[in-house]
Amino acid sequence: MVTILDKTFGPFLSQAIIEERIGEMAAQINEDYHGKTPIFIVVLNGAFLFASELLKRLDLSCEVSFVRFASYENTQSSGNVREILGLQENLSGRDVVVIEDIVDTGLTMNQLLNQLRPSNPKSLAVATLLHKPEALKAPVSLEYAGFEIENRFVVGYGLDYDGLGRNLNAIYVLQDISSQA
Ligand code: IMP
């Protein structure tokens, strides 16, 4: 068990299981991008550990870039508009793979892909470590998804609870309220 602030988390996915699956994802990407020079766009903060384990298993010539989201309330709409920051590279004609930690509602990924498409990449794919299919609200196609998980809150391996827990080397799941002391 791991306690972070007021919450208790139990074991969910071990480091060995996570890294075995990342190895399989890397093998697939090596095959799919053989002879190409893709650019990987890592979504910070959460994807840093997954990206590092995935990228070091690739035997491709590739570039790696990092983006963050800036969130702000748009005065014209009630929605929370998120803009990508930090992308310097020209994506026109490039094979682009976005690396994310988790796709939950899919709203973040949907907005990110919509902001990348006008740059006219040759191809655009997504690699996510985790995916919560039940929580999906926006259509997103996930070419490489590590684990489909239930709609429960998880931490570790890059994912945080209130900024904490990102450095845990395995993934832990929030315990039921009834088991919280
Ligand atoms: P989405 O826009 O709902 O798909 O949310 C994506 C973002 O929400 C992820 O990049 C995470 O930062 C965060 N998130 C969603 N589910 C979890 C979770 O179970 N644990 C930690 N962060 C999460």
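First listed ligand is number 1; within each ligand, the first listed atom is number 1.
Counting heavy atoms from C-beta outward, Phe12 and Ile149 have side chains that approach closer than 4.5 Å. Side-chain contact between Gln111 and Ile84 is absent, with no heavy atoms from C-beta onward closer than 4.5 Å. When side chains are defined from C-beta on, Leu112 counts as touching Phe69, because their heavy atoms get closer than 4.5 Å. The shortest side-chain heavy-atom distance between Val154 and Phe147 does not fall under the 4.5 Å cut-off.
For the ligand labelled ligand 1, residue Gly106 lies inside the 4.0 Å heavy-atom shell. By the 4.0 Å heavy-atom criterion, Glu100 is counted among the residues contacting ligand 1. Residue contact annotation: Val155 has no non-hydrogen atom under 4.0 Å from ligand 1.
Under 4.0 Å from ligand 1, the heavy atoms of Asp160 that appear belong solely to its backbone. Both the backbone and the side chain of Asp104 come within 4.0 Å of ligand 1, judged by heavy-atom distances.
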Discussion item. Walk me through whether Glu63 and Arg94 qualify under salt bridge (charged side-chain N to carboxylate O under 4.0 Å, His left out).
Written reply: CA-CA 10 Å; Glu63 286 178 52; Arg94 301 294 308 271; 3.0 Å; yes
Item to complete: Kindly determine whether Tyr144 and Glu24 satisfy side chain to side chain donor-acceptor pair (under 3.5 Å), including the steps that lead there.
Response: CA-CA 10 Å; Tyr144 309 97; Glu24 291 171 1; over 6 Å; no
Discussion item. Pair Asn120, Ser92 - check side chain to side chain donor-acceptor pair (under 3.5 Å), show working.
Written reply: CA-CA 5 Å; Asn120 291 316; Ser92 176; 5.5 Å; no
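In terms of protein heavy-atom proximity, atom 11 (C) of ligand 1 is closest to Ile102 CG2, 3.6 Å. Given atom 3 (O) of ligand 1, the protein heavy atom at minimum distance is Thr105 OG1, 2.4 Å. Distance from atom 12 (O) of ligand 1 to its nearest protein heavy atom, with residue and atom name: Asp101 OD2, 4.2 Å. Shortest contact from atom 20 (N) of ligand 1 to any protein heavy atom: Val154 O, 2.6 Å. Looking from atom 22 (N) of ligand 1 to the surrounding protein, the closest heavy atom is Leu159 CD2, 3.8 Å.
Aromatic ring pairs are classed by plane angle as parallel below 30°, tilted from 30° to 60° and perpendicular above 60°; the pair Tyr161 and Phe153 is perpendicular.
Within the 4.0 angstrom cut-off, atom 8 (O) of ligand 1 has no protein heavy-atom neighbours.
When only interatomic distances are considered, the shortest N/O to N/O separation between Phe153 and ligand 1 does not fall below 3.5 Å.
Of the candidates Lys132, Arg152, His131, Lys132 brings a heavy atom nearest to atom 16 (N) of ligand 1.
Atoms of ligand 1 lying under 4.0 Å from any heavy atom of Thr108, numbered from 1 in the order shown and given with element: 1 (P), 2 (O), 5 (O), 6 (C).
Considering all non-hydrogen atoms of both residues, Ala125 and Tyr33 come closest at CB-OH, 3.5 Å.
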